[in-house]
Protein chains: 4
Amino acid sequence: MIVVMRHDAEQEQIEAIRHRLIDEGFQVHLSQGVERTIIGVIGENTERVFAVSSMAGVEQVVPVHRPYKLVSREFHPDDSIINIGKVPVGGKRVIVMAGPCAVESHDQVMQAAEVVQQLGLSVLRGGAYKPRTSPYSFQGMRVDGLKILAEARDRYGLMIITEAVDHESLQQVVEWADVVQIGARNMQNYELLKAVGQTEKPVLLKRGFASTIDEWLQAAEYIVAHGNPNVILCERGIRTYESKTRNTLDLSAIPVIKELSHLPVVIDPSHSTGHWNWVAPMARAAVAAGADGLIIEAHPNPAEALSDGPQSLSLPHLAELVHSLRALAEVVGRTL
Amino acid sequence: MIVVMRHDAEQEQIEAIRHRLIDEGFQVHLSQGVERTIIGVIGENTERVFAVSSMAGVEQVVPVHRPYKLVSREFHPDDSIINIGKVPVGGKRVIVMAGPCAVESHDQVMQAAEVVQQLGLSVLRGGAYKPRTSPYSFQGMRVDGLKILAEARDRYGLMIITEAVDHESLQQVVEWADVVQIGARNMQNYELLKAVGQTEKPVLLKRGFASTIDEWLQAAEYIVAHGNPNVILCERGIRTYESKTRNTLDLSAIPVIKELSHLPVVIDPSHSTGHWNWVAPMARAAVAAGADGLIIEAHPNPAEALSDGPQSLSLPHLAELVHSLRALAEVVGRTL
Amino acid sequence: MIVVMRHDAEQEQIEAIRHRLIDEGFQVHLSQGVERTIIGVIGENTERVFAVSSMAGVEQVVPVHRPYKLVSREFHPDDSIINIGKVPVGGKRVIVMAGPCAVESHDQVMQAAEVVQQLGLSVLRGGAYKPRTSPYSFQGMRVDGLKILAEARDRYGLMIITEAVDHESLQQVVEWADVVQIGARNMQNYELLKAVGQTEKPVLLKRGFASTIDEWLQAAEYIVAHGNPNVILCERGIRTYESKTRNTLDLSAIPVIKELSHLPVVIDPSHSTGHWNWVAPMARAAVAAGADGLIIEAHPNPAEALSDGPQSLSLPHLAELVHSLRALAEVVGRTL
Amino acid sequence: MIVVMRHDAEQEQIEAIRHRLIDEGFQVHLSQGVERTIIGVIGENTERVFAVSSMAGVEQVVPVHRPYKLVSREFHPDDSIINIGKVPVGGKRVIVMAGPCAVESHDQVMQAAEVVQQLGLSVLRGGAYKPRTSPYSFQGMRVDGLKILAEARDRYGLMIITEAVDHESLQQVVEWADVVQIGARNMQNYELLKAVGQTEKPVLLKRGFASTIDEWLQAAEYIVAHGNPNVILCERGIRTYESKTRNTLDLSAIPVIKELSHLPVVIDPSHSTGHWNWVAPMARAAVAAGADGLIIEAHPNPAEALSDGPQSLSLPHLAELVHSLRALAEVVGRTL
């Protein structure tokens, strides 16, 4: 940490800061410049240094360490590979997870699952617990939905990913599914993160729609610190002032995360764009930028969908996209 | 709802949309202009109209209704007054809630409570369950903290407000405190909203740090729709690109909410600015703009605080602020 | 400046940075911690230190100085007072500038001017050169508009503020008006800033709609560094994701600017909210937060305005607002 | 345009709006629903409809037309191809423009130009007029810089792109260069847009760092409406709350622009990321998403650059990137 003193800080104020920090067990280095004094602070738990911000003469406290350890590439230089059953995420293969936004009926899920299997994809997505902005929107089929997904898994040999929204749904999801999705709105629901950290299931942790990369990695750190190292990160668009797209897909997060962390990164081009016809170019861009996977909304009949129809691919469009992604993956040294 | 057709939409596409909407029980009015056709859609559950976005020829679906009812001023023209014990929020009186960010010790809470009482304020704040960005930060004293707050209530005759973060903590908070705070990070934790909607306690619903006013009112609608009408809204700063302040306090939300909703609005100038020396001007601005109350962090010794020290007022500074607010409230036709 | 080295930086990389910085004439202090080394850099023109970011082993370069001098309170502790004719901005008196968005006709300006004078305000606003988002919108009356403003000044004894958009309009504005307004879209039009810096006219520098406070102060620094110290800062709302208001008024900028700079700050509640009925509460909040003035759109007939009608106050509403501001100013120790 | 009336609008208010609009020559269709009345408005210059926002009973005015014509794909369904000399932008070929941020010396430009030529690229970039945030930063070599660029053009057979910042520099740039760049900070400098619209030179119009796609297309409309159809759009990152990258590259803008407009789109991965090591993945992503070109900062010695060194590729890194882009372009049906 760096403590930057005010231009007009008095010598005794500087001394007070110095003593306080030494008393707390930190090592302290002073750089006294013409304009202001800078204090370098070294030691454990440097987060506590922020407290001196309210002492007289301090202008600001600047953090220089990264606020996460277990998920950091600094302490784990090699890429982590997270296994969803036999499907490895984070290696050479680019994983495509596809399926409807919400589980709506038995038929709908089976139709989607059949196509997902035929395309050679291995993970089926579908929401049984739906966090919806309006209390009057369809809230999901809950356990009944999970059972339909489980049947599709058995029938088509697919892995299942679905969202948990609280302790109770988490227990159900852990029982019925292969990957627990933590949605964007729950990325900072720390009690839920702790709970999923106490399971062994792979977790797809979506970035909060207005969370920084640092906050996202700290949310992952919660899960890993509570015992579950199987975290897959998922970028799904961030909130900006631009309204043509539902959110702004932050693809730069891919190389940034690859530099900061060893965890795999998956991209959701459906929620981010909000329009099915923009999904394919963004899916291709994600693979070109180095994403380890994609999670894509596809529906047998988008115009009848109870949730997120406008951004869902029809199943033929999904097939077309997967075809183009295969060629692209190869040219960037991956398979799909 | 308005369905805007594409410039090049064909007549049969327009007809297909029209029939689909009529089949679903909507009334439909066509305006066929030189450049494009606009379809006005009227009826119940117009949210379902969004689904036609993926039909051929549609450019966009534009909502014109408000996505909430129970919290809307349209259907409840008079201001709601929410009673915290005998303390009415939303009437002529401006309510100031003050206290430490986190409950840290018995002494700390009693010192703060004594000052809060002496200043004639009636609500003490203090967090027992702390949602923290880092898993390594102080996570709160939990039930032990609630008991300290309850003791302060009894000793100083104050009402207590504290945060609940999941079902379990909610049960405890309902038992020990007078107002349940739902924090910014949980504003879209819909399972928690439903749960607090099933209690009768007053709820202070903080705006998500990147939530729109519409999303915030829909979150309030969740609580009211589940049976609890006692919602107080709290603006605490939104995330923007500006980094001098911790968040950007959106004071314009006060007149906007007053126009859209009958619920009271309280302002948190501490989290939004992140610096104690900017709290007082923003508190004054909030009262001048028509806020029904303030929630302010104050600590007996900010430089020793385990959480949010830099933005906490010392107790003498709190006293000074309250003094200046009294004069200001009067000039805008309120009391404090 | 602080150079933060990577966790795995090698000793010779650290040495290379150290030598490079010493060669450029900087003083250098090393703090070698367990996790990483931090290099404090002191000297003139520390901006050049950013260049070492691309050297091997560097994680980041963190600036600790403020990127402006002449406008900084550090080097000029007392408030600056900028005189518009005999009207001092930045002292005890809160200045209200009012008038139409655009000069549209002789009658319109004279009606507004008469009310401005009757209310005891001393500055009339009105745009003659209009930077409009669409090329098909009304672009302003240009010199003819300036002449109408000048006539209003003479007839009603008011000072005139109006916008310049390029070198040519600047020459005209300097000739006909009393304050040159630099609009939000031109805040980083550095050639225009240099040009206005070579005049002696007071300048109202609007904050860019997505500019940081640091960038805004650097824009002011351009003007002062080129010879014109008469800069008044104007906050007019920043771009955020919230769409209920046209922009989000950042009132926290008032105490922040007051701490960082000696220049006066004026608030524009009209462009920021975009709705006339939200102008009054925000104007009151601005005065309560410590603003040195307001610039408000008012029009004899808002529903007929060629520009920004929805956010313009009618003249009776302006009168009402000014009345309420007088009482408020007094309670915060100002006059109006 | 749609005029949405308030829930409690009275019949005579609705009539007043209706008459006003008919008097202005619009066609009007009323949809009277249970909750509110919606008025569809059709005709020329519908922008004027916004003015009724301030009439009694109106809730909001919702635009449904696109605020640009000449740049819209609606009225020009085929892709435009803009020729920079013999280099066509917007066709099958993906164009890479590369070179230093700023022209600093004769040697620097010649070294970069030689590599650009050897790599088979045809456009050299380099800034002679530099809009810098601080008045104390290097402001560019101006005409001397243009002359160096022109020499490089002649020696290496390259096209030259460089920025104009005002009327005066525009005249010089038109004389010495092949493409006029309008920078992000000048995207809404409408006087400059009008001036460049009166030339015949190809224009690279960068998106303002906080401009919406609609505002960007309207800025292009200014240029085309003033007579110059040769506009190339350039996305260079938008301002968001995320600070790991300098800006957030909005690659979704590619498919959005392709749908809305016939103009070519080029991506700048250097300014957007701000770090040279994130440039290559974002360049690849841009090509995969359908970009018509790239503009990339490359410098013979990034650590000595006077401007933007940290985000500049070294010349060997540029060569490596171009190589990987060639393979990628082919797989998406383009050449490079």
Side-chain angles (χ1 to χ4, degrees), chain A residues 20 45 47-48 50-55 61 67-69 129 131-137 139 165-169 184-195 197 208-212 214-215 218-219 221-226 238-239 275-276 302-306 309-312 314, chain B residues 20 45 47-48 50-55 61 67-69 129 131-137 139 165-169 184-195 197 208-212 214-215 218-219 221-226 238-239 275-276 302-306 309-312 314:
Chain A
R20 157 83 181 260
N45 294 323
E47 193 208 350
R48 282 180 300 127
F50 278 117
V52 307
S53 302
S54 40
M55 290 179 70
V61 175
Y68 41 83
K69 295 241 164 184
Y129 298 89
R132 301 299 299 273
T133 308
S134 165
Y136 309 121
S137 296
Q139 306 272 320
V165 295
D166 61 359
H167 292 241
E168 195 186 313
S169 57
R185 292 186 180 101
N186 279 316
M187 194 204 85
Q188 292 191 314
N189 181 341
Y190 297 117
E191 300 305 314
L192 185 58
L193 298 182
K194 290 174 192 171
F209 63 74
S211 296
T212 63
D214 268 352
E215 289 165 350
Q218 285 178 90
E221 185 88 3
Y222 258 95
I223 299 171
V224 180
H226 281 80
I238 60 173
R239 180 156 276 181
H275 293 260
W276 69 268
E304 301 292 339
L306 295 180
Q311 74 202 26
S312 293
S314 66
Chain B
R20 157 83 181 261
N45 295 323
E47 194 207 349
R48 283 180 299 126
F50 278 118
V52 306
S53 302
S54 39
M55 291 179 70
V61 176
Y68 41 82
K69 294 241 163 181
Y129 298 88
R132 300 300 296 275
T133 307
S134 166
Y136 309 121
S137 297
Q139 306 271 320
V165 294
D166 61 0
H167 292 241
E168 195 186 313
S169 56
R185 292 184 182 103
N186 280 315
M187 193 204 87
Q188 293 190 314
N189 181 340
Y190 297 117
E191 300 306 314
L192 186 57
L193 298 182
K194 290 174 192 172
F209 63 74
S211 297
T212 62
D214 269 351
E215 289 165 349
Q218 285 178 90
E221 185 88 3
Y222 258 95
I223 299 172
V224 180
H226 281 79
I238 60 173
R239 180 157 276 180
H275 292 262
W276 70 267
E304 301 292 339
L306 295 180
Q311 74 201 27
S312 294
S314 67

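Chain naming here is simple, since letters A, B, ... match the order of the sequence lines and numbering starts at 1 in each. These numbers come from the heavy atoms of this one structure, side chains and all, not from hydrogens, waters or symmetry mates.
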Query - Residues which pass side-chain hydrogen bond (donor to acceptor under 3.5 Å, both in side chains) with A:E191, listed by chain and number, not counting sequence neighbours - result: A:K194
Query - Side chain / backbone / both / neither for A:R185 at chain B, heavy atoms under 4.5 Å - result: both
Query raised in the report: In terms of heavy-atom pairs under 4.5 Å, which option from A:A305, A:A219, A:P131, A:G208 contacts chain B the most?
Result: A:P131
Requested in this report: Output the distance between atom CG (A:N186) and atom CG (B:L192), rounded to the nearest 0.5 Å.
Outcome: 10.0 Å
Query raised in the report: Which atom names give the shortest non-hydrogen contact between B:D166 and A:H167, and what distance separates them?
Result: OD2-NE2, 3.5 Å
**Report entry** Minimal non-hydrogen separation, B:S53 against A:P310, with atom names
**Finding:** CB-CG, 3.6 Å
Report task. Under 4.5 Å heavy-atom distance to chain B, tell me which part of A:H275 shows up: side chain, backbone, both or neither. Result -> neither
Report task. For A:E168, check salt bridge (Lys or Arg N to Asp or Glu O under 4.0 Å) against everything at least two apart and list the hits. Result -> none
Query raised in the report: Non-hydrogen atoms of chain B under 4.5 Å away: do they reach the side chain of A:S169, the backbone, both or neither?
Result: neither
Requested in this report: Under 4.5 Å heavy-atom distance to chain A, tell me which part of B:S137 shows up: side chain, backbone, both or neither.
Outcome: both
**Report entry** Largest heavy-atom contact set with chain B, pairs under 4.5 Å, which of A:Y136, A:F50, A:W276
**Finding:** A:Y136
Requested in this report: Name the region of A:Q139, side chain, backbone, both or neither, that has any atom closer than 4.5 Å to a heavy atom of chain B.
Outcome: side chain
Report summary line: Scored by heavy-atom pairs under 4.5 Å with chain A, the best of B:R48, B:M187, B:K69, B:E304 is B:E304
Query raised in the report: What distance separates A:R239 CZ from B:S211 OG, expressed to the nearest 0.5 Å?
Result: 6.5 Å
**Report entry** Shortest non-hydrogen contact between A:A303 and B:R20, atoms and distance
**Finding:** O-NH2, 2.9 Å
Report summary line: Most heavy-atom pairs under 4.5 Å with chain A, out of B:G197, B:S134, B:S314, belong to B:S134
**Report entry** Minimum heavy-atom distance between B:Y222 and A:R132, given as atom pair plus value
**Finding:** OH-O, 2.5 Å
Query raised in the report: Roughly how far, to the nearest 0.5 Å, is the CZ atom of B:F209 from the CD atom of A:E215?
Result: 5.5 Å
Query raised in the report: A:E221 and B:P135: which non-hydrogen atoms are nearest, and at how many Å?
Result: CG-CG, 3.6 Å
Requested in this report: Identify the heavy atoms of B:V165 and A:N189 that sit nearest to each other, and give their distance.
Outcome: O-OD1, 4.3 Å
